[in-house]
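Just so we're on the same page: letters track the sequence lines, and every chain starts at 1.
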Amino acid sequence: MSEPSLVAQGLELMIFGMGVVFVFLTMLVFVTNIMSKLVNKIAPVQEVAPAPARAAVPQQGGVDPQLLKVLSAAVKEHRARQK
Amino acid sequence: MSEPSLVAQGLELMIFGMGVVFVFLTMLVFVTNIMSKLVNKIAPVQEVAPAPARAAVPQQGGVDPQLLKVLSAAVKEHRARQK
Amino acid sequence: MSEPSLVAQGLELMIFGMGVVFVFLTMLVFVTNIMSKLVNKIAPVQEVAPAPARAAVPQQGGVDPQLLKVLSAAVKEHRARQK
Amino acid sequence: MQSLINLWHDTGLYHMESGQVIMMLVGFLMLYLAIKKGFEPLLLLPIAVGTLMVNIPGAGLGWSAAEAAIRTGDASLLAQFRDLFSLAADATVHDVLHAYHNAEATLYKKALALGAGAGFDNGMLYTFYSVTIASGVAPLLIFMGVGAMTDFGPLLANPKTLLLGAAAQFGIFGTVAGAVLLTDAGLMDFTMQQAAAIGIIGGADGPTSIFIASKLAPELLGAIAVAAYSYMALVPLIQPPIMKALTTENERKIAMVQLREVTKGEKIVFPIAVLILVALLLPSAAPLLGMFCFGNLMKESGVVERLSDTSQNALINIVTIFLGLSVGYKMSSDAFLNGSTLAIIVLGLIAFCVGTAAGVLMAKLMNALTKDPINPLIGSAGVSAVPMAARVSNKVGLESNPQNFLLMHAMGPNVAGVIGSAVAAGVMISYFG
Amino acid sequence: MQSLINLWHDTGLYHMESGQVIMMLVGFLMLYLAIKKGFEPLLLLPIAVGTLMVNIPGAGLGWSAAEAAIRTGDASLLAQFRDLFSLAADATVHDVLHAYHNAEATLYKKALALGAGAGFDNGMLYTFYSVTIASGVAPLLIFMGVGAMTDFGPLLANPKTLLLGAAAQFGIFGTVAGAVLLTDAGLMDFTMQQAAAIGIIGGADGPTSIFIASKLAPELLGAIAVAAYSYMALVPLIQPPIMKALTTENERKIAMVQLREVTKGEKIVFPIAVLILVALLLPSAAPLLGMFCFGNLMKESGVVERLSDTSQNALINIVTIFLGLSVGYKMSSDAFLNGSTLAIIVLGLIAFCVGTAAGVLMAKLMNALTKDPINPLIGSAGVSAVPMAARVSNKVGLESNPQNFLLMHAMGPNVAGVIGSAVAAGVMISYFG
Amino acid sequence: MQSLINLWHDTGLYHMESGQVIMMLVGFLMLYLAIKKGFEPLLLLPIAVGTLMVNIPGAGLGWSAAEAAIRTGDASLLAQFRDLFSLAADATVHDVLHAYHNAEATLYKKALALGAGAGFDNGMLYTFYSVTIASGVAPLLIFMGVGAMTDFGPLLANPKTLLLGAAAQFGIFGTVAGAVLLTDAGLMDFTMQQAAAIGIIGGADGPTSIFIASKLAPELLGAIAVAAYSYMALVPLIQPPIMKALTTENERKIAMVQLREVTKGEKIVFPIAVLILVALLLPSAAPLLGMFCFGNLMKESGVVERLSDTSQNALINIVTIFLGLSVGYKMSSDAFLNGSTLAIIVLGLIAFCVGTAAGVLMAKLMNALTKDPINPLIGSAGVSAVPMAARVSNKVGLESNPQNFLLMHAMGPNVAGVIGSAVAAGVMISYFG
Ligand code: NA
Ligand code: NA
Ligand code: NA
């Protein structure tokens, strides 16, 4: 069995490659459609339990979004009154 | 000297293990009590010197706590006056 | 060729070392002067294009500087009026 | 045409074995528990994905270069491995793999070099496992980060709760004895090392379990890690019945004395004191407790906030990602689907129950002997599982006395339990070292 | 006096070769493109600095211990290397280096050990390259981070846009065929592996290109990475003419149906579904798509926000810094200044154009076959280059119909293109594995 | 019973040697200085904990697999090490250890393989040291982060202050000469390499000191690192008396011309210009200055803020933790408790003083030769120790003239000092390379 020529190999890779890509993504279209229907019918999402323990540690350098909300609301009122 | 049986080894590890754990943590009780007394008597905590040099670089993504203090104080006053 | 004495080597390293340091930094003085003139004459800085794609992802824990600017401006006005 | 056949031979379906299918189902179960039930998701989610990945047939994500060479190399390469392991010329791939997995260190390294020399690469999960777990580094860095998150205040305010953290470690050593008795009865076939590694699950501390398992019984690491984290998540279900069975309603109503204020100085000196005691008494606990105290000292000293922040955030998160995936490497079907896993699950549960009971009983004993009243419900927090176990103490306490807040009182034994299980780990390293 | 001469011999000027001068100019050009033109600066800036550093004459930042020993060691050491590579006694340093660079794995490792044993160190960039790229780890971690940044919502709302992401991969495989034909015509001299590695540029995905090049044709990695990132930055220039040439004004005006809301559950299950499909059909794509899905699952599950944040920020940033510098290691003048680089630049551009055209044509085909109207402009987004290509679709669409916002519609094929090129990468690994 | 004895033999008390006790006291002293006195706590605190850990008797945190095997292995293993090092059959453990520590690279690696093959592990601190310091990577990454924190604006506004940064490096080379003279006088016994590594303390730059010490005299690394960081913290005590002694009240009152505005373009091009000069003149400084310029370019270019942020925060913090602990590895009693350490402390102090004086005198010289007035107090900032030394200049200046703010003027020589000591480091690498 002699080695196929480089051009033959190149074309082979092209055909196989596009074939696999299309087969894979086409199957993914079907899988996704089915999955979406199943998920939305059988198990409508409930909120997950709050992450326990160590997840509760506040994020690095984060600013309390609540505080920012309060502040910016206050500023808005402030401006509104200024007009 | 023949190898002791597996059961004997297991019991031995149990007794030694719990023994060491209790000895260690009991000593830690004493050490902690003594330490607390010493620390609070001899060297009541002074505030440490402000960290020098590169420690002075602001924390990642951090917001100047001073600024936040100013802002939230301002917002409080603002609200107080609104009532 | 016999190995020079330790003292001779030490003095040699001292002289060469300081020599290279001065040559390097003196050249850097000239290069910097020339560079500054060139840069400011030939290519006065324009604002760079906004970083594309993934650079657009917001910084970790960052606070919108625009928001802070708005807030602190508001607080300043607020204080000014209080006086 | 040959290529097309190669491609089919390369699909997962062609290679899929029933064990891999089952392990993938185990992976999905863990995902469900992590995402929908909130079971320690920080670890279980990466472990689950690692489990899925390592069981993808033919992908070889968990193969070393040697294993890849043995499984997929040509005949002459296989012959070289046969020679290396002094196997007969008719030894199958399966025989060679078996010899490889059981080779002692020098021969193992030669096999790795032979595989790498033939152009094979280590799989991703094998690489992660080597760097993070086999080296012992990842659990230590997690411990450092946990140290930087730990507040010893409640413990310092009431140091004798350290004894509750000591008592609860009976879950560890009692389980070792149980595993050994099972083996003696011919029901299981554990070595002392394996029994010790299983017992450590009772410490209710994930990184400690992984650290000890990687040293004493790496072949059981996957099951041990999963059991440890799962039971830590199940603490709110496992502990209350035991706590109630061992206490009277009146005991559960005991109100404890308000904790005193703890000064900054005490908090700074405490981790140093622990480190000194480790140095004097139990050097084999030095890596775990050393890094734990280092993390805590970074936090409490207040002078290296940048380092403390990073070890609590970016660094521990990075390590957690790799640690979780790496545990997945030990979740291959050969390693997981056998009787040991079942025994580990049963013994791990017993370990948790025994530790809980020992903590509660110790609290009752102390209550009988000392003046300041101790609510025995805080004894169960001695198992570790910070801060879940302390919350459970608080919750059960509130059921009997809605005015009695035990949370802070339970945090003392809770963090004592972390120290206790690290000490127990040190004993084991020393015993087998 | 000898020291003074040594020092002069140690200056860069004394050693500077013309190739290094040219490569430094290439480095400056990349800096200019990154800083002034905003060409993918996150990668191009570190690559540019890596290029400058590796071409500093005499600094040896890109030398392994073996290369440093061969180049700067004494005569007896050189003789040992000659023996190792079975070279004649009159082989020059250049001959020995050539033998070293072309040695197979076992001999290569022996050479490294010989150099290290003689007291030489690996250069910084060589070390970075070994740890991040040669190990395959860095591109995978980038993929994890990108997964944690990706929103599959638009794709899930309209799954058939996955086919656009499939079609655009014709840029990859068409280019492979082109490179092979060039070689057949005697114009170039590429192996199949090299042709495949060049083709992957058409995937418009940086980490995938680096991952495949490091496995199939590491000697071309520098040029491939630079070409991939440069063309990704040039998408707004390359794509619009092709898009306009292949579509009519009326086609460009097509308004698409509003996308439906996608639930959280779908988003959580989707990465798991992709992983299952990978396991069943194409295990060789497991590393890339596995890490991508892992990152996405961390994000969508919502239970491990700390890990998701870290993988999108600290971790991906750290890896990007090292990845960029490491690519610089492959930007030495020997590796870059040859005909291959020119061919890579030309073929890479062709790959982008072909991929763009294939995506647009596929959209037109689908439009002819299905009911819901598809604006063919979103087909070009199938090449990946997230989110640049989707923005280009939107912009060209707005030119024809100022009321028609295609951005969200184009995000579907855009992220499908990432999956598509990872699948293509898996095909190549499987084909050559 | 045997186990009980084993356990006692495993306690730290049983093994504690006086040297270890003293080193632990040194560790406590460093903790005190870091926490209570604020001496460069980011480095000194991890170094102190590393010192405590490495001196825990019997814990072996600083042992390689080879050292663990030699110290704790059985007789037959010890015999294998004797053979390896060609020692007589009656060589003691101590003899074998001595041979191991002084073995050349190839033999050293064989010893490591022998220890690992016998099932021993590398200690944690040994692992950290190998990965971070021996590889040279950690100091380079710190330099990158420092580069990303550095503002060259004041230097660019007044480039001739670079000469102050040059002059202050006389602290480095003067100390080398001093160490050599001490040796010549028979008072000490330093090699040229050791003298150079000690001299670099005068550069007042921690990572540079560690980088050079790890290359030229790793046996002195612990003492050099501790001395460098301690004196950097003591700059406010060391410098003012020298500055006042060498200047008149009138000189200290000199007001300097307001610095001009520096454009963004200049700031972007400057690190590139430095890199070019390094490439042309002193390639051996390429690793340090290359990474420094890379960090600065990331900052100033403004297009890679995520990378710049990460290198200034998460990455530099992670590296700092490991670097500090790793320095601790070199703080074992054998390495630290000897005459060299005392000499290093004395010579390091002299280096700081000489550097300060040279900077001030150079400023006076420049003042005599140029038109624009230079306050000689800014000369002392040329030693580096950013931004401490510049603050000292400012403070001493304010004492003489409460209206004269020298801080910005002193930042020029201050960052010039960083470049200067990196250049000096390059000279040393080139001289001994
Ligand atoms: Na515990
Ligand atoms: Na693509
Ligand atoms: Na300096």
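Contact annotation for Ala195(F): neither backbone nor side-chain heavy atoms come within less than 4.5 Å of a heavy atom of chain C. Only the side chain of Phe432(F) comes within contact range of chain C, with at least one heavy atom under 4.5 Å from a heavy atom of that chain. Both the backbone and the side chain of Ala167(F) come within less than 4.5 Å of a heavy atom of chain C.
The distance from atom CE of Met362(F) to atom CZ of Phe22(C), rounded to the nearest 0.5 Å, is 4.0 Å. For the atom pair Leu280(F) CG and Met27(C) CE, the distance stands at 7.5 Å (nearest 0.5 Å). To the nearest 0.5 angstrom, Met35(C) atom CE is 10.5 Å from Ile268(F) atom CD1. The distance from the OG atom of Ser36(C) to the CZ atom of Arg260(F) is 5.0 Å, given to the nearest 0.5 Å. For the atom pair Leu277(F) CG and Leu28(C) CG, the distance stands at 6.0 Å (nearest 0.5 Å). Taking CD from Glu12(C) and CE from Met192(F), the interatomic distance works out to 7.5 Å, rounded to the nearest 0.5 Å.
Comparing Val31(C), Leu13(C), Leu11(C) by heavy-atom pairs within less than 4.5 Å of chain F, the highest count is held by Leu13(C). Ranked by heavy-atom pairs under 4.5 Å with chain C, the first of Val176(F), Val262(F), Asp184(F), Leu163(F) is Leu163(F). Contact count versus chain F (heavy atoms, under 4.5 Å) is highest, among Ile15(C), Asn33(C), Thr32(C), for Thr32(C).
Between Met14(C) and Phe170(F), the shortest heavy-atom contact is SD-CE1, 4.1 Å. In plain terms, the two heavy atoms of Asn40(C) and Glu266(F) that are nearest each other are ND2-OE2, 2.9 Å.
Here the side chains of Gln9(C) and Val180(F) are not in contact, with every heavy-atom distance at 4.5 Å or above. You'll find the side chain of Gln169(F) stays beyond 4.5 Å of the side chain of Leu25(C), heavy atoms only. The side-chain heavy atoms of Leu6(C) and Phe190(F), taken from C-beta on, include no pair separated by under 4.5 Å.
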Practice task
Give the intermediate values and the outcome of side chain to side chain contact (heavy atoms under 4.5 Å, CB included) for residues Phe24(C) and Val278(F).
Solution key: CA-CA 8 Å; Phe24(C) 190 96; Val278(F) 167; 3.7 Å; yes
